[in-house]
Trainee: 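Below are the structure tokens for one structure; questions will follow.
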Amino acid sequence: MLSILFFFQAPLAPPTWEEPYDAIDKGIICPQFSVPAGKTAQEDCLVASVYVPNTNATNLPVMVIIHGGQFLVGYGDVTTPKQLVDSQKLIAATCNYRLGILGFLCMGTEDIPGNAGMKDQVACLQWVKHNIASFGGNPDDVTIVGCSAGGSSVDLLMLSKLTRGLFKKVIGMSSANVGVTSVQLDPVEYARIQARRFNYDAANLYMLRSLTLQVNAGNHKMYLHEYSFVDNDSALIPYANIRGAAHCAQGFAAVDQNYSNLSYQYKNMKSIIREEWINFAITGNPTPEGCTAIPQWPPANAYRSPCMVFGQTVELKPTVMPLRATLWDLIYALFYRNPIPPTPGF
């Protein structure tokens, strides 16, 4: 019998087939506390989707989108990139990864080493590396994209030695590797808390800080942006009578939406965001030579300058939220706790 502990380890190698495989979307997602209608949650849930343009072109750039959801909910196709792929300039892929306890329980032991969900993401990138050429993609020109927990994920994937050679470019939004949902300060204690819950008694300022750490570590191709576009359809900020850009708003602007009720201004913004994503995926620069949709966009330095602001207009500004960023720099310097490596056992 397969041990339950198997579910907390790195994924196995993907299956192979000698005959053509009928890849039907069965709506499989990883176990989570709320399962959307039409979806089936099961532990054997590591499914990838590939979106291929209607073109005979080959060796196209590849964009792999990592979904968000606080590492607790979501699935690969919670948003779809069909309109990006309709540009016929790239191929896109999405994937599921294990969530919650199944994905991130960490005891520091051989049976439960931790970060199974992140290892699922690595396995997806490895699959893309080995197989995407069969779909017309370039395995040596992969961009990874993520928002919220997906943003934390792509930031963490940049730091991992397991991902060397698996991607070249990154678009991260609305979270980073130093976010509160990205780090377990004391994973064994968290495991005890979860055990007690099961009656088992055996035992956007994140992104600014991450940018500074990345640049100081030698990454000098970081493009900083603020997405603050709103229109009359944008949600009201709770307890305030003003509209604001919601969490992951830029990510939603890039992917598929029903156009029938969208304002002209938002349709135009969606076009701009898709163009700069595609440019970045192809060239590593959101505003390569010849780009006229937005101003030229230089990489940011360790002082978070400059910053491209996508608001009612698109303009390059010297910095973003300088007073708030300074305050949080001070809070991190005075109170940030480094993670505690787990030790085996309780």
Side-chain angles (χ1 to χ4, degrees), residues 2 4-15 17 21-52 62-85 91-106 112 114-128 131-132 135 144-154 156-157 171-175 179 181-182 184 194 197-198 246-248 251-252 254-258:
L2 187 64
I4 189 66
L5 296 178
F6 174 83
F7 296 116
F8 299 106
Q9 299 184 21
L12 299 175
W17 296 273
Y21 176 69
D22 194 4
I24 299 172
D25 181 6
K26 299 179 181 178
I28 294 172
I29 66 175
C30 293
Q32 49 200 273
F33 60 81
S34 179
V35 178
K39 300 297 180 183
T40 301
Q42 62 184 54
E43 289 166 340
D44 182 10
C45 62
L46 302 187
V47 177
S49 298
V50 180
Y51 294 81
V52 181
V62 181
M63 185 173 285
V64 179
I65 301 174
I66 308 295
H67 74 79
Q70 294 186 310
F71 300 109
L72 295 172
V73 297
Y75 50 96
D77 287 338
V78 67
T79 59
T80 55
K82 295 177 183 177
Q83 292 170 353
L84 277 167
V85 171
I91 286 175
T94 65
C95 66
N96 295 344
Y97 58 91
R98 283 170 285 179
L99 303 164
I101 293 175
L102 288 176
F104 297 95
L105 184 67
C106 176
I112 313 177
N115 285 330
M118 293 303 302
K119 294 168 186 173
D120 295 341
Q121 296 177 19
V122 173
C124 174
L125 293 173
Q126 291 170 336
W127 186 91
V128 167
N131 294 280
I132 204 65
F135 297 86
I144 58 173
V145 181
C147 180
S148 192
S152 296
S153 294
V154 298
L156 289 164
L157 291 168
I171 300 175
M173 300 163 286
S174 297
S175 195
T181 59
S182 308
Q184 295 191 57
Q194 294 299 326
R197 287 176 176 171
F198 286 104
H247 184 55
C248 287
F252 288 115
V255 297
D256 301 341
Q257 287 180 291
N258 185 340

Trainee: Can you tell me how far apart NZ (Lys119) and CG (Leu46) are? Round to the nearest 0.5 Å.
Mentor: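 So the gap between those two atoms works out to 13.5 Å.
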
Trainee: Ala41 and Pro31: which non-hydrogen atoms are nearest, and at how many Å?
Mentor: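 Residues Ala41 and Pro31, closest heavy atoms: CB-CA, 4.0 Å.
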
Trainee: Is there a side-chain contact between Leu105 and Arg98 (heavy atoms, below 4.5 Å)?
Mentor: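 In short, these two side chains do not touch, never coming nearer than 4.5 Å.
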
Trainee: Could you tell me whether a side-chain N or O of Gln32 sits under 3.5 Å from a main-chain N or O of Gly100, the two making a donor and an acceptor?
Mentor: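 Side chain of Gln32 to backbone of Gly100, a donor-acceptor pair under 3.5 Å: no, none is there.
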
Trainee: Is it the case that the side chain of Lys39 and the backbone of Cys30 share a donor-acceptor pair, with hydrogens and angles ignored and the cut-off at 3.5 Å?
Mentor: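 Between the backbone of Cys30 and the side chain of Lys39 there is no qualifying donor-acceptor contact (under 3.5 Å).
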
Trainee: Heavy-atom distance under 4.5 Å between the side chains of Met173 and Cys248, does that happen here?
Mentor: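 A side-chain contact under 4.5 Å is absent here.
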
Trainee: Ignoring hydrogens, what is the shortest heavy-atom contact between Met118 and Phe104? Give both atom names and the distance.
Mentor: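 Here Met118 and Phe104 meet closest at CG-CE2, 3.8 Å.
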
Trainee: With a sphere of 6.0 Å drawn around CD of Gln83, does it hold more than 12 non-hydrogen atoms of other residues, nucleotides or ligands?
Mentor: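 Check passes, neighbour count above 12.
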
Trainee: In Å, rounded to the nearest 0.5 Å, how long is the span from CD1 of Ile144 to OG of Ser153?
Mentor: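 Ile144 atom CD1 to Ser153 atom OG measures 9.0 Å (nearest 0.5 Å).
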
Trainee: Once you round to the nearest 0.5 Å, how far does CD1 of Ile66 lie from SG of Cys147?
Mentor: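 If we round to the nearest 0.5 Å, Ile66:CD1 and Cys147:SG are 12.5 Å apart.
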
Trainee: Can you see which heavy atom on Ser182 is nearest to which on Ser152, and at what distance?
Mentor: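 That closest heavy-atom pairing would be OG-OG, 2.7 Å.
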
Trainee: Please report the closest heavy-atom contact between Ala123 and Pro11, naming both atoms and the distance.
Mentor: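 Closest heavy-atom pair between Ala123 and Pro11: CB-CG, 3.7 Å.
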
Trainee: Just by modelled atom types, is the Thr79 backbone N or O under 3.5 Å from a matching donor or acceptor in the Asp77 side chain?
Mentor: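 Flag not set: sc Asp77 to bb Thr79 has no pair under 3.5 Å.
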
Trainee: Regarding Lys82 and Asp256, does a basic nitrogen lie under 4.0 Å from an acidic carboxylate oxygen?
Mentor: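 Between Asp256 and Lys82 there is no salt bridge, as every charged N stays at least 4.0 Å from the carboxylate O atoms.
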
Trainee: Check whether any side-chain N or O of Tyr97 sits under 3.5 Å from a backbone N or O of Phe71 as a donor-acceptor pair, and report yes or no.
Mentor: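 No; zero donor-acceptor contacts below 3.5 Å.
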
Trainee: Looking only at heavy atoms, which two atoms of Gly76 and Thr94 are closest? And how far apart?
Mentor: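 Taking Gly76 first and Thr94 second, the nearest heavy atoms are O-CB, 3.3 Å.
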
Trainee: Can you tell me how far CG of Leu125 sits from CG of Asp120, rounded to the nearest 0.5 angstrom?
Mentor: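 One gets 11.0 Å once the value is rounded to the nearest 0.5 Å.
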
Trainee: What is the minimum heavy-atom distance between Val255 and Thr80, and which atoms define it?
Mentor: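 Nearest pair, atom of Val255 first, then Thr80: CB-O, 3.3 Å.
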
Trainee: Is there side-chain contact between Trp127 and Cys95, with heavy atoms separated by less than 4.5 Å?
Mentor: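 With C-beta onward as the side chain, the pair stays apart.
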
Trainee: If you measure from CG on Leu72 to OG1 on Thr181, what distance do you get to the nearest 0.5 Å?
Mentor: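 Reported to 0.5 Å precision, the distance equals 8.5 Å.
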
Trainee: If you measure from CZ on Phe8 to CG on Leu102, what distance do you get to the nearest 0.5 Å?
Mentor: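 Here the interatomic distance stands at 5.5 Å.
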
Trainee: May I ask you to test the Lys26-Thr40 pair for a side-chain heavy-atom distance under 4.5 Å?
Mentor: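 With C-beta onward as the side chain, the pair stays apart.
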
